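Quantities reported herein were computed from a predicted structural model and do not represent experimental measurements.
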Amino acid sequence: MTGRRTGRALLASGLLLTLLAAGCGVRPSAVITGRPPISGPAQGTWVYLLAQGELVLVLRPVTTDPSPAAALSLLAAGPQENERAQGFTSDVPAGLDPVTVTAGAGRSGDLTVRVNIAAQALSAHAADQIICTTVAAAAQVSAANTATTVTIVGSDGARGPRACPIR
């Protein structure tokens, strides 16, 4: 009986050793390299779109003026075809454009966005898209611009000041 147990143990050990030596079937390969990292400033204008109801920063590859007003015009145009295909949406109404962006009357670094529509009627997502896009565009134009809050002024009064909820 002891001999059978020893034989089975040796057989099991040998089988286990054979399986371990065989490995998982993945063969070794050389190092796989990728492209070098991107350096320098991003070429384009940043806008905030929605993906499944969440704010997402998207770089629009344009060569136009990167001012906050220009960025908001791009945002008001809605997602581009390739962005829609990726599931991006926007709550910002097309009637938002034209807009003006000026330094706010309050604390230094605050901005005021004047729109031709009712500011109070904007959805929470639309207001967040406008606020975050304005802050991102202002920072892109000038590293010294430290806008922290944005007030949206429309035909029905002001909304804000409010900071971008994404940091």
Side-chain angles (χ1 to χ4, degrees), residues 26 29-167:
V26 176
S29 68
V31 174
I32 301 171
T33 59
R35 294 182 178 183
I38 297 173
S39 63
Q43 297 297 313
T45 299
W46 294 105
V47 296
Y48 277 85
L49 296 177
L50 299 171
Q52 299 177 351
E54 299 293 323
L55 287 173
V56 178
L57 185 61
V58 176
L59 180 66
R60 289 269 176 91
V62 294
T63 57
T64 60
D65 174 24
S67 72
L72 290 172
S73 293
L74 291 173
L75 182 64
Q80 295 176 336
E81 187 176 327
N82 63 325
E83 294 165 342
R84 282 191 303 274
Q86 295 175 44
F88 291 111
T89 61
S90 178
D91 273 7
V92 175
L96 180 77
D97 197 34
V99 300
T100 58
V101 180
T102 57
R107 301 176 303 159
S108 174
D110 294 343
L111 297 172
T112 299
V113 174
R114 295 190 187 281
V115 297
N116 293 327
I117 59 174
Q120 301 300 326
L122 292 169
S123 71
H125 283 309
D128 287 344
Q129 286 181 263
I130 293 166
I131 291 164
C132 294
T133 297
T134 302
V135 171
Q140 188 177 10
V141 169
S142 169
N145 192 329
T146 56
T148 56
T149 62
V150 174
T151 300
I152 303 170
V153 178
S155 60
D156 62 346
R159 183 176 184 157
R162 186 152 180 265
C164 177
I166 306 259
R167 285 285 166 182

Are side-chain heavy atoms of Leu55 and Leu50 found at a separation under 4.5 Å?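 Yes, close enough: below the 4.5 Å cut-off.
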Would you check if Pro161 and Thr148 make a side-chain contact, meaning some heavy-atom pair closer than 4.5 Å?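 When only atoms from C-beta onward are counted, Thr148 and Pro161 do not touch, as no gap falls below 4.5 Å.
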Taking everything shown except Arg114 itself, do over 12 heavy atoms lie less than 6.0 Å from its CZ?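 Atom CZ in Arg114 is not crowded, with 12 or fewer foreign heavy atoms closer than 6.0 Å.
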Indicate the atoms forming the closest heavy-atom contact of [X] with [Y], along with that distance.
X	Y	value
Pro165	Cys132	CD-SG, 3.5 Å
Asn116	Pro98	ND2-CD, 3.1 Å
Ala119	Gly154	CB-N, 3.7 Å
Leu59	Gly44	CD1-C, 3.7 Å
Ala76	Leu96	CB-CB, 4.0 Å

List for me each residue that meets side-chain hydrogen bond (donor to acceptor under 3.5 Å, both in side chains) alongside [X], sequence neighbours excluded, and say none if there are none.
X	value
Arg159	none
Ser123	Asp91
Ser90	Gln129

Could you measure the distance from the [atom1] atom of [X] to the [atom2] atom of [Y]? Nearest 0.5 Å is fine.
X	Y	atom1	atom2	result
Gln86	Glu81	CD	CD	11.5 Å
Trp46	Leu75	CH2	CG	14.5 Å
Ile130	Leu122	CD1	CG	4.5 Å
Gln80	Leu74	CD	CG	7.5 Å

Given Thr102, which partner from the list Val113, Val153, Leu111, Thr112 fulfils the side chain to side chain contact (heavy atoms under 4.5 Å, CB included) test?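 Going through the options one by one, the only one that passes is Thr112.
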Given Phe88, which of Val47, Val58, Asn82 fulfils the side chain to side chain contact (heavy atoms under 4.5 Å, CB included) condition?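 For Phe88, the side chain to side chain contact (heavy atoms under 4.5 Å, CB included) check succeeds only for Val58.
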Taking Thr149 for the side chain and Asp110 for the main chain, is one N or O donor matched with an acceptor at less than 3.5 Å?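 Checking the backbone N and O of Asp110 against the side chain of Thr149, no donor-acceptor pair under 3.5 Å is found.
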I'd like to know if the side chain of Gln120 reaches the main chain of Ala158, judged simply by a donor and an acceptor atom lying under 3.5 Å from each other, with no hydrogens or angles considered.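 It does hold such a pair.
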Could you walk me through whether Val92 and Leu72 pass the side-chain contact (heavy atoms from CB on, under 4.5 Å) check? CA-CA 9 Å; Val92 175; Leu72 290 172; over 6 Å; no
Take Val115 and Val99, measure what side-chain contact (heavy atoms from CB on, under 4.5 Å) needs, and give me the verdict at the end. CA-CA 5 Å; Val115 297; Val99 300; 3.7 Å; yes
